[in-house]
Amino acid sequence: MSVEIFDALPAHISQIYAIETRCFRTPWTPAQLSYYLEIPGFALLIAVENAKILGYLCLDSVLDEGSIANLAVIPEYRRRGIGESLLCAAELRARKRALKVLYLEVRKSNAAAVALYEKQGFQRVGLRKGYYTNPTEDAILMTKTL
């Protein structure tokens with residue numbers, strides 16, 4: 001699969017939102033997604049193949065720390081390296097911004113995502129009890145030192 005990673009534009013929000021609603025039980029709104037286009041130090045990255053957005057990643061940063069706030073890939077395109085490509089692009093962006101660490105939270109039950117993050121060098125460092133809703137579930141806190 002030959003996806004390209006780009007910075008999202010306002011015109012992409014509706015496609016990103018469609019992915020969001022397919023992938024998450026409590027989807028972010030278009031306004032929440034658009035926020036990542038407006039704030040300096042934030043990024044909304046999209047994975048595109050043949051003009052179709054297959055996945056996206058939201059990256060924010062404060063001082064020298066970054067957070068992967070959301071990562072989603074259309075279900076039928078998973079396990080094809082798209083999530084990995086988005087994570088690599090986010091890490092490259094973080095390094096260019098001189099960030100020292102990346103954080104993320106993931107549902108404890110999401111074994112595929114945990115495996116992807118561990119493959120990319122993230123380590124489990126904690127548990128956030130009851131972090132997610134719909135249904136209530138713990139989050140695994142993971143970090144990667146850059």
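Side chains included, hydrogens not; waters and symmetry mates left out as well; all remaining heavy atoms used.
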Legend entry - Matching residue for Leu71 among Leu57, Leu104, Ile82 - test: side-chain contact (heavy atoms from CB on, under 4.5 Å):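 Only match with Leu71 under side-chain contact (heavy atoms from CB on, under 4.5 Å): Leu57.
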To the nearest 0.5 Å, tell me how far [X] [atom1] sits from [Y] [atom2].
X	Y	atom1	atom2	answer
Leu86	Leu59	CG	CG	11.0 Å
Ile74	Gln15	CD1	CD	8.5 Å
Leu127	Glu105	CG	CD	11.0 Å

Legend entry - side chain to side chain contact (heavy atoms under 4.5 Å, CB included) partners of Asn110, counting only residues at least two apart: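 Side chain to side chain contact (heavy atoms under 4.5 Å, CB included) list for Asn110, sorted by chain: Val106, Arg107, Ala112, Ala113.
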Inset, instruction - Please name all residues satisfying side chain to side chain contact (heavy atoms under 4.5 Å, CB included) with Pro75, sequence neighbours left out, ordered by chain then number. - result: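 With neighbours one apart ignored, the set is Arg22, Cys23, Arg78.
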Inset, instruction - Report whether Ile39 and Leu44 are members of the same hydrophobic cluster (ILVMFWY, side-chain heavy atoms less than 4.5 Å apart, transitive linking). - result: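 Looking at the clustering, Leu44 is in the same group as Ile39.
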Legend entry - Whichever hydrophobic residues join Tyr132 through chains of side-chain contacts under 4.5 Å: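 Traced through the cluster, Tyr132 reaches Tyr131.
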Smallest separation among heavy atoms of [X] and [Y], with atom names:
X	Y	result
Gly66	Leu99	CA-CD1, 3.8 Å
Ser67	Leu102	N-CD2, 4.4 Å
Ala72	Ile19	CB-CG2, 4.0 Å
Glu49	Ser2	OE2-N, 3.4 Å
Val73	Gly83	CG2-N, 3.9 Å

Legend entry - Listed partners of Lys119 passing side-chain hydrogen bond (donor to acceptor under 3.5 Å, both in side chains), at least two apart: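 Glu84.
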Inset, instruction - Please identify each residue that fulfils side-chain hydrogen bond (donor to acceptor under 3.5 Å, both in side chains) with Arg124, with sequence neighbours left out. - result: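 Arg124 satisfies side-chain hydrogen bond (donor to acceptor under 3.5 Å, both in side chains) with Glu118 once adjacent residues are dropped.
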Inset, instruction - Kindly determine whether Val125 and Tyr103 satisfy side-chain contact (heavy atoms from CB on, under 4.5 Å), including the steps that lead there. - result: CA-CA 10 Å; Val125 294; Tyr103 293 94; 5.6 Å; no
Inset, instruction - Carefully, step by step, assess Leu45 and Asp7 under the rule side-chain contact (heavy atoms from CB on, under 4.5 Å). - result: CA-CA 5 Å; Leu45 304 175; Asp7 285 301; 3.4 Å; yes
Inset, instruction - With salt bridge (charged side-chain N to carboxylate O under 4.0 Å, His left out) as the test, would you mind laying out the steps for Glu65 and Lys100 before giving the verdict? - result: CA-CA 6 Å; Glu65 296 180 347; Lys100 293 190 178 0; over 6 Å; no
Legend entry - Evaluation steps, side-chain contact (heavy atoms from CB on, under 4.5 Å), between Val114 and Phe122: CA-CA 9 Å; Val114 171; Phe122 283 85; over 6 Å; no
Legend entry - From CA spacing to verdict: side-chain contact (heavy atoms from CB on, under 4.5 Å), Trp28, Cys58: CA-CA 11 Å; Trp28 287 7; Cys58 297; 3.7 Å; yes
Name each donor-acceptor pair under 3.5 Å that joins a side chain in residues 138-146 to protein atoms two or more places apart or in another chain, with its distance.
unit_1, atom_1, unit_2, atom_2, d
Asp138, OD1, Gly130, N, 2.8
Lys144, NZ, Glu91, OE1, 2.5
Lys144, NZ, Gln120, O, 2.6

Legend entry - Main-chain N/O of Gln32 paired to Thr29 side chain as donor or acceptor, under 3.5 Å: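 Yes; at least one donor-acceptor contact below 3.5 Å.
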